[in-house]
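Bear in mind the structure is a predicted one, so any value in this text is a computation, not a measurement.
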Amino acid sequence: MTSATTAGDTPGTHEGNRHGSLRGYLVGYGVAVLLTIGAFVAARTSALTPSSVTAAITVLAIAQMLVHLIFFLHISTSPNQRTNILAFAVALLIVAMIVAGSLWIMSHLDSNMMPPMVPNGQSMQMQP
């Protein structure tokens, strides 16, 4: 086995070795820990506006997912990984449809919810 990687290999993998090296796993773990710490710092800081905190945590979460895909699941853009990438894309599509549909249903239910009834049969008026 050689320790050099080719251009199409996933970081941390070697020729002839289907699993990553200890060094690759440690690098992935280190980056994942730094991204997690960054998310906690972004959430606790008062220097950012609430919408900036949300954006920062979203970006860090996407980066965290990419680190896990590359360093731990060994997903790459090489031609022999095409089926894995397609399966991942279909899974993301299904999850996105479920989340979007759930949000749509909850929004529709919220807009059509009836006000609570009082004991004498009249509905309560919402106070401004």
Side-chain angles (χ1 to χ4, degrees):
M1 278 186 241
T2 63
S3 62
T5 59
T6 60
D9 284 346
T10 303
T13 61
H14 303 296
E15 291 179 6
N17 189 359
R18 294 191 56 89
H19 299 288
S21 66
L22 179 63
R23 180 178 172 266
Y25 285 125
L26 289 176
V27 167
Y29 181 72
V31 173
V33 166
L34 290 175
L35 290 170
T36 301
I37 291 170
F40 278 102
V41 168
R44 298 287 297 173
T45 187
S46 61
L48 298 173
T49 64
S51 60
S52 297
V53 170
T54 303
I57 290 175
T58 302
V59 168
L60 290 169
I62 292 170
Q64 183 87 267
M65 289 184 342
L66 291 174
V67 166
H68 285 275
L69 287 171
I70 292 169
F71 286 98
F72 302 120
L73 297 176
H74 307 293
I75 301 290
S76 67
T77 57
S78 65
N80 59 349
Q81 290 282 323
R82 183 167 298 163
T83 56
N84 289 340
I85 292 172
L86 287 175
F88 182 69
V90 169
L92 280 179
L93 177 67
I94 290 170
V95 168
M97 288 183 349
I98 289 171
V99 168
S102 298
L103 291 173
W104 178 46
I105 288 169
M106 287 187 287
S107 172
H108 186 264
L109 287 173
D110 182 52
S111 65
N112 291 323
M113 184 171 274
M114 294 180 58
M117 301 295 281
V118 294
N120 62 4
Q122 295 177 338
S123 63
M124 291 179 58
Q125 298 297 323
M126 300 291 284
Q127 294 180 0

- Within one Ile-Leu-Val-Met-Phe-Trp-Tyr cluster: Val67 and Ile57, side-chain cutoff 4.5 Å: no
- Separation of Ser21 OG from Leu26 CG (nearest 0.5 Å): 8.0 Å
- Point-to-point distance, once rounded to the nearest 0.5 Å, from CG of Leu34 to OH of Tyr29: 10.5 Å
- Query: Do the side chains of Val41 and Val33 join up, straight or via other hydrophobic residues, at under 4.5 Å, putting them in one cluster?
  - Reply: yes
- Query: Leu109 versus Met106: any side-chain heavy-atom pair under 4.5 Å?
  - Reply: no
- Message: As an exercise, state the distance from CG of Leu69 to NE2 of His74, rounded to the nearest 0.5 Å.
- Response: 11.5 Å
- Treat each ILVMFWY residue as a node, draw an edge where side-chain heavy atoms are under 4.5 Å apart, and state whether Val59 and Met65 are in one component. no
- For residues Thr54 and Thr58, report the shortest heavy-atom separation together with the two atoms involved. O-OG1, 2.7 Å
- Pairwise distance CG(Asn84) to OG1(Thr77) - rounded to 0.5 angstrom: 12.5 Å
- Message: Measuring from atom CG of Leu73 to atom CG of Leu66, what distance do you get when rounded to the nearest 0.5 angstrom?
- Response: 11.5 Å
- Note on the structure: Paired with Leu48, the side chain to side chain contact (heavy atoms under 4.5 Å, CB included) test is passed by just one of Ser51, Ser46, Ser52, namely Ser52
- Backbone of Leu103 reached by a side-chain donor or acceptor of Ser107 within 3.5 Å: no
- Could you tell me whether the side chain of Tyr25 reaches within less than 4.5 Å of the side chain of Phe71, counting heavy atoms only? no
- Message: When you compare the side chain of Val90 with that of Leu86, does any pair of heavy atoms fall below 4.5 Å?
- Response: no
- Message: Taking the side chain as everything from C-beta on, heavy atoms only, tell me whether Thr36 gets closer than 4.5 Å to Gln64.
- Response: yes
